[in-house]
Amino acid sequence: MHDSDRASESEGEGMAQHKVRVRFAPSPTGELHVGGARTALFNWLFARKHQGVFVLRFEDTDVERNRPELVEPILESLKWLGLEWDEGPYFQSQRLPLYQEHARKLLEEGRAYPCYCTPEELEAKRKQALAEKRTPQYDGTCRHLTPQERERLEAEGRRPALRFVSPKEGTTVVEDVIRGPVEFRNEEIDDFIILRSDGRPTYNFAVVVDDLTMGITHVIRADEHLKNTPKQILIYRALGADLPVFAHVPMVLAKDRTKLSKRHGATAVFEYRERGILPEALVNYLARLGWSYGDQEIFSREELIEKFSLEGIHPSPAVFDEEKLLWLNHHYIKTGDPKRLGGLVKAFAVQRGFLGDEEAEKIAEARWARAVELFRERKRTLVELAEAAVPLLTERVEYDPEAVAKFLTPEKTALLQELGGHLEAVPDAEWTAERLEREIRGWLAQRGRELKEIAQPCRVALTGVTRGPGLFETLELVGKERALKRLREAARLAASPS
RNA sequence: GUCCCCAUCGUCUAGCGGCCUAGGACUCCGGUCUUUCAAGCCGGCGACAGGGGUUCGAAUCCCCUUGGGGACGCCA
C-alpha cells in the first residue's frame, strides 16, 4: 500500500524519458535571498544539464503578504546571476479557476469536504492544544456533517473552506533523491485545507496542481518543504497522477547556525551585488555550498552544468561563510577581463559617490582597465577597487596624516622635488612604467642611493597612502602632469599638517 | 509538546568497509619573495559528537544517547 510509485527511479540517464522540467517558485514576500538563489541555481543547473526546461512561477496566493513590487527585483536578481528561465513567470493568482476546478473534482469524488469552522475557532483550538502540549491538528468537526447541518451553517452565512480527506491509517513515504525514503504516519496528517473560504487555494494544493499541469518532472526545493511532501503526495494520488521526483536541498544557515534572516546582515542577492561581489563568484560559491565535486573549488558556469548532479548535494545544512565568498570574488577579480571589470569599477565609483558621473566618463576606458590591473591582487570587491583607483585617476587624493608625517620629511621631500625635476625630461609619450623605472634607477645610482629610500615617500606623495601597487606603475597611471605636481607639492603637504 | 531532517577541522567539504597515523579549500599563524601592501610559493595549527553492536577489519553499516536545525496556519 505504500508509496514506491516511481519516485525512486529518479534521474535515469540515457533513457529516453520525458524531458526534464523543473521550476523555481518563489513567493513575492521578500527580496531573493541567497538560500533561494541557491535553490534556483540547482534547478537551473539541473535543467541545463539535462537539456530540460526551467520554469519560473510566483506563488502569490497570499494576498495579505504579497508585494507585487517585489516581483521585478526578484526577476532582476535571477538575471543578474545568469539564471535565465525558459518559461513563465507564471502567477498563481492568475490561475485560480484551475485550482477550483481540481478542487471541485476532489469534492465530487468525496476526497474533500466543506468545513465551516471559522479561522477564529480554529485558532482557539490550536492555542489550546499547544497549551495542553498536544499536537495541534484539525479535529474533524465538519468531516461528517449531514446535508441538513451544512444547510443550517450556510444559512448562518458561513462560507466554507475545503478540506482534504486524508487517510487515518498507514504511511506515506517520500522517496527523496538526496535523503532516501522518508516515512510519515498518515495519522500525523490532518484534514488540511486546500481551498480557502474565499476560493483561493492554499500552498500545498496550488503547488500540486501547478506542478502537475506544468508537467514538472523534478521538484527541487528547500528542505523546509519536506514535511509538506506527504500531503502533496496524497493530493497527487487523489488526482490520479504520477509523482515527480523529489529532491529537498538542505537549508543555508547563518553563522549562528539558525535560519538565515535579516538580522544576520546581508542575505539578499542584491546586497552582495551592491558590495561589489561578482555574479560568477556568488554562483560559484552558492553551487559549492552543500554540493561538491571532489576537491574542486573553482567552477566555470559550463563546468557546473557539466558536473552538477543531485547526488552530489550534501544532506546536511550548510553555514554561509562570507570569507570564502570574498576569496572566490577575489579570484574572479584577479582573473577577469580588465576591460569589463574596469567598466564595473567605474559604475561603482560613481554610485558610491567617489566621483561624479561626468568626471568618471572623462577618464579613458583603458585607464579604468589599467587601474583594475594594478589593484586586482590587493582588493577583494569592486567597491574596494573603485575606492583605491580614484586617487590615481582623479584629483581626489586624501593624504593619510600618519603616512605624511612618517615619510614626507624635509629630507625626503627635497629628494622628491629633485626627482620630479629630473622626470620633467621624460616625454609624455614615453611616460611608461618601464621607462620610468630605467630613469629612476639611473637617477638613484648616480646619487648612490637605493630605491627603498624614496619608494614610500614617493608613494605617499602620489597616492596619499603607504600601500598600493608598484611605484613605477603608479607613476604611469597617475600621469606625468599630475604626478610631477604631486611630487612638487609634497613639501608643502608636510609643512602644513592638516 | 509532537513530527521530520542532520552530525568529519571554526567554516565549506573529500571519504560511499581495508588506499585514512583522515585529503583539499577558506580563515588564522609562520617563512619566502620584495620599493610598501597584496598576490604567489613553502610550511604549521586544526575534525571522524559519545556509547553500544555487525565485521578479520569501521569515519564509512545498524541501534541508542547527545547536540543542532526545521516544520506543526483559511503563510509559503
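- Ring to ring, Tyr90(A) and Trp85(A) are not that close: their centroids are 6.0 angstrom or more apart.
- Here, rU27(B) and rU11(B) have their P atoms 16 Å apart, quoted to the whole Å.
- Counting only heavy atoms from C-beta on, Arg378(A) has its side chain closest to rA38(B) among rA38(B), rC74(B), rC12(B).
- Ring to ring, Tyr285(A) and Phe320(A) are close: their centroids are under 6.0 angstrom apart.
- When the C1' atom is used for both rG18(B) and rC61(B), the distance is 15 Å, rounded to whole Å.
- Among the heavy atoms of the strands lying under 4.0 Å from Gly290(A) are primed sugar atoms or P, OP1, OP2 only; no base atom is included.
- A tilted orientation is assigned to the rings of Trp327(A) and His331(A), their planes being inclined by 30° to 60°.
- As judged by a 4.0 angstrom heavy-atom cut-off over every strand, Cys117(A) is placed among the base-contacting residues.
- Separating the OH atom of Tyr138(A) from the C1' atom of rG73(B) is a distance of 14 Å, rounded to the nearest angstrom.
- Distance check on atom C1': rC45(B) versus rA25(B) gives 16 Å, rounded to whole Å.
- Comparing the C1' positions of rC33(B) and rC16(B) gives a spacing of 43 Å, expressed to the nearest Å.
- A donor-acceptor pair is defined here as one N or O able to donate and one able to accept, closer than 3.5 Å; no such pair exists between the side chain of Thr61(A) and the backbone of Arg200(A).
- Between Phe42(A) and Phe308(A), the distance from one ring center to the other falls under 6.0 angstrom.
- Residue Lys379(A) places no side-chain N or O under 4.0 Å from the OP1 or OP2 atom of rC37(B).
- Residue Thr466(A) places no side-chain N or O under 4.0 Å from the OP1 or OP2 atom of rC37(B).
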Would you tabulate the nitrogen or oxygen pairs shorter than 3.5 Å linking the protein to nucleotides 1-8 of chain B?
| residue | atom | partner | partner atom | Å |
| --- | --- | --- | --- | --- |
| rG1(B) | O2' | Lys133(A) | O | 2.8 |
| rU2(B) | O4' | Thr135(A) | OG1 | 3.4 |
| rC3(B) | O2' | Glu188(A) | OE1 | 3.3 |
| rC3(B) | O2' | Lys227(A) | NZ | 3.1 |
| rC3(B) | O2 | Lys227(A) | NZ | 2.8 |
| rC5(B) | O3' | Arg179(A) | NH1 | 3.4 |
| rC5(B) | O2' | Arg179(A) | NH1 | 2.7 |

* Verify ring-ring contact (aromatic ring centres under 6.0 Å, His included) between Trp431(A) and Phe472(A), making sure each step is shown before the conclusion. => CA-CA 10 Å; Trp431(A) 192 263; Phe472(A) 311 116; over 10 Å; no
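- Among the heavy atoms of the strands lying under 4.0 Å from Leu289(A) are primed sugar atoms or P, OP1, OP2 only; no base atom is included.
- Using a 4.0 Å heavy-atom criterion, one finds that Leu122(A) contacts the bases of the nucleic acid, with or without backbone contacts as well.
- To the nearest angstrom, P of rC74(B) lies 18 Å from CD of Gln100(A).
- As rounded to whole Å, 13 Å separates atom P of rU13(B) from atom CG of Leu328(A).
- rU66(B) and rC26(B): their P atoms are spaced 38 Å apart (whole Å).
- Summarising the geometry, the separation between NE2 on His33(A) and C1' on rA76(B) is reported as 11 Å, rounded to the nearest angstrom.
- In this structure, the side-chain contact (heavy atoms from CB on, under 4.5 Å) partners of Leu212(A), at least two apart in sequence or on a different chain, are Tyr236(A), Leu239(A), Ala241(A).
- Among the nucleotides rC12(B), rU35(B), rA39(B), the one closest to the side chain of His330(A) is rA39(B).
- Checked by distance alone, Asn228(A) brings a side-chain donor or acceptor within 3.5 Å of a matching partner on the base of rA76(B).
- Taking atom C1' in both rC29(B) and rG46(B), one finds a spacing of 12 Å when rounded to whole Å.
- Counting only N and O atoms by type, the side chains of Lys406(A) and Thr466(A) include no donor and acceptor under 3.5 Å apart.
- Residue Arg459(A) places its side chain closer to rU36(B) than to any other of rU13(B), rA39(B), rU36(B).
- To the nearest angstrom, C1' of rC12(B) lies 14 Å from CD of Glu322(A).
- Nucleic acid contact class of Thr61(A) (heavy atoms, under 4.0 Å, all strands): sugar-phosphate only.
- If you check rA76(B), rC74(B), rA39(B) against the side chain of Asn204(A), the one that comes closest is rA76(B).
- If you measure from atom CZ of Phe320(A) to atom C1' of rG69(B), you get 18 Å, rounded to the nearest angstrom.
- Summarising the base pairing, rG46(B) is matched to no nucleotide, lacking a Watson-Crick or G-U wobble pair whose two defining distances lie under 3.5 Å.
- Remark: Arg163(A) is positioned above the aromatic ring of Tyr138(A), its terminal NZ or CZ atom under 6.0 angstrom from the ring centre and at most 45 degrees off the axis.
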* Letter per nucleotide, 5' to 3', of nucleotides 20-26 of chain B [B base touched, S only sugar-phosphate touched, - untouched; heavy atoms, 4.0 Å] -> ---BBBS
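- With a cut-off of 3.5 Å on both Watson-Crick or G-U wobble distances, the partner of rA38(B) is given as none.
- As judged by a 4.0 angstrom heavy-atom cut-off over every strand, Pro250(A) is placed among residues making no nucleic acid contact.
- Heavy-atom minimum distance, Met214(A) versus Val55(A): SD-CG1, 4.2 Å.
- The residue among Lys259(A) and Asp198(A) whose nearest nucleotide of RNA chain B lies closer to the 5′ end is Lys259(A).
- Using a cutoff of 4.0 Å between basic side-chain nitrogens and carboxylate oxygens, Arg301(A) and Glu280(A) are not scored as salt-bridged.
- Looking at heavy-atom distances under 4.0 Å, Ser292(A) makes contact with sugar-phosphate atoms alone, never a base.
- Within the nucleic acid shown, Arg126(A) comes within 4.0 Å of sugar-phosphate atoms alone, with no base atom in reach, counting heavy atoms only.
- Of the side-chain N and O atoms in Arg38(A), none sit less than 4.0 angstrom from OP1 or OP2 of rC12(B).
- Distance noted for atom P between rU2(B) and rC64(B): 16 Å (whole Å).
- Residue Val319(A) places its side chain closer to rC12(B) than to any other of rC12(B), rG40(B), rC74(B).
- The distance between atom CD of Gln456(A) and atom C1' of rC37(B), rounded to the nearest whole Å, is 8 Å.
- Using the Watson-Crick or G-U wobble rule with both distances under 3.5 Å, rA71(B) pairs with rU2(B).
- Between the side chains of Tyr272(A) and Asn329(A), no donor-acceptor pair of N or O atoms lies under 3.5 Å.
- Between the base of rC74(B) and the side chain of Thr202(A) there is no donor-acceptor pair shorter than 3.5 Å.
- Checked against a 6.0 Å centroid threshold, the rings of His225(A) and Tyr203(A) count as neighbours.
- For the pair Leu471(A) and Lys334(A), nearest-nucleotide mapping onto RNA chain B gives the more 5' position to Leu471(A).
- Contact annotation: Lys255(A) does not reach the phosphate of rG10(B) (side-chain N/O to OP1 or OP2, under 4.0 Å).
- Between Glu377(A) atom CD and rC41(B) atom P the separation is 11 Å, expressed in whole Å.
- Here, rU60(B) and rC20(B) have their C1' atoms 11 Å apart, quoted to the whole Å.
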